[in-house]
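Here's the structure, in structure tokens; my notes come after.
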Amino acid sequence: MATGVTVVLLFSPDCPNWFVADERLREALALAGRDDVRVEHRQVTTAEQAEAAGFRGSPTVLSDGRDPFAAPGAPTGLSCRVFRTEAGLGGAPTVEQLLAVLS
């Protein structure tokens with residue numbers, strides 16, 4: 001990831017998992033020493049916004065404008081999202097998964 005990058009956390013207010021994702025994202029950035037990365041939060045509330053943003057459910061993390069956790073062809077939508085983790089399915093990527101895409 002280049003210097004001075006913005007990571008965008010897209011979320012639906014109806015899905016509480018984005019709080020966990022935000023906490024883990026901040027932890028991963030701190031562990032990686034990435035104080036040059038700005039985290040921007042964007043609320044997505046309509047299907048049109050979801051389509052325009054590439055929102056594949058809440059939470060969605062965009063790094064360099066791309067969703068590193070999206071499966072090819074995954075649909076956009078306003079649902080809560082699940083992530084495959086070493087411990088099984090979870091509502092947010094793990095700190096380790098975030099570290100892998102932030103370094």
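The basis for the numbers below is simple: all heavy atoms, side chains too, and nothing from hydrogens, waters or symmetry mates.
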TODO: For the residue pair Val37 and Thr6, establish whether any side-chain heavy-atom pair is separated by less than 4.5 Å.
DONE: no
Open item on the list: With clusters defined by side-chain heavy atoms of hydrophobic residues (ILVMFWY) lying less than 4.5 Å apart, directly or transitively, does Val39 cluster with Leu99?
Closed with: no
- [ ] Give a yes or no on this: more than 12 heavy atoms of other residues, nucleotides or ligands lie within 6.0 Å of atom CD of Glu23.
- [x] no
Open item on the list: Show the nearest heavy-atom pair for residues Thr85 and Ala92, with the distance to one decimal.
Closed with: CG2-O, 4.2 Å
Open item on the list: Please list all pairs meeting disulfide (SG to SG under 2.5 Å) that have one or both residues in residues 42-103, counting only residues at least two apart or in different chains.
Closed with: Cys15-Cys80
Task: Inter- and intrachain pairs under disulfide (SG to SG under 2.5 Å), touching residues 39-72, at least two apart - done: none
Task: Pairs where residues 76-95 contributes a residue and the test salt bridge (charged side-chain N to carboxylate O under 4.0 Å, His left out) is met, not counting sequence neighbours - done: Asp67-Arg81
- [ ] Only one of Pro68, Pro93, Ser63 passes side chain to side chain contact (heavy atoms under 4.5 Å, CB included) with Leu98; say which it is.
- [x] Pro93
Open item on the list: Do the side chains of Asp36 and Arg34 get close enough for a salt bridge, i.e. N-O under 4.0 angstrom?
Closed with: yes
- [ ] On the 0 to 90° scale, with breaks at 30° and 60°, tag the His41-Phe11 ring pair as parallel, tilted or perpendicular.
- [x] perpendicular
TODO: Check whether any side-chain heavy atom of Thr45 lies under 4.5 Å from a side-chain heavy atom of Ser12, and answer yes or no.
DONE: no
Open item on the list: Nearest 0.5 Å, please: how far is CZ in Arg26 from CG in Leu9?
Closed with: 8.5 Å
Open item on the list: Give me each pair satisfying ring-ring contact (aromatic ring centres under 6.0 Å, His included) with a member in residues 58-89, each pair once, sequence neighbours excluded.
Closed with: Phe69-Phe83
Task: Connected-component partners of Leu78 among ILVMFWY, side-chain separation under 4.5 Å - done: Val8, Leu10, Val44, Phe55, Leu62
- [ ] Compare every heavy atom of Thr60 with every heavy atom of Gly54, then report the nearest pair and how far apart it is.
- [x] O-CG2, 4.3 Å
Task: Residues which pass side chain to side chain contact (heavy atoms under 4.5 Å, CB included) with Glu51, listed by chain and number, not counting sequence neighbours - done: Thr76
- [ ] Looking only at non-hydrogen atoms, find the nearest pair between Gln43 and Gln49 and report the distance.
- [x] O-OE1, 4.1 Å
Open item on the list: Please determine whether side chain to side chain contact (heavy atoms under 4.5 Å, CB included) holds for the pair Val82 and Asn17, giving the CA-CA distance in whole Å, both sets of side-chain angles, and the decisive distance to 0.1 Å.
Closed with: CA-CA 9 Å; Val82 293; Asn17 295 337; over 6 Å; no
Open item on the list: Give me the atom names and distance for the closest heavy-atom approach of Pro75 to Arg56.
Closed with: O-CG, 3.5 Å
TODO: Check the hydrophobic clustering (I, L, V, M, F, W, Y; side-chain heavy atoms under 4.5 Å; chains of links allowed) and say if Leu29 and Val20 are grouped together.
DONE: no
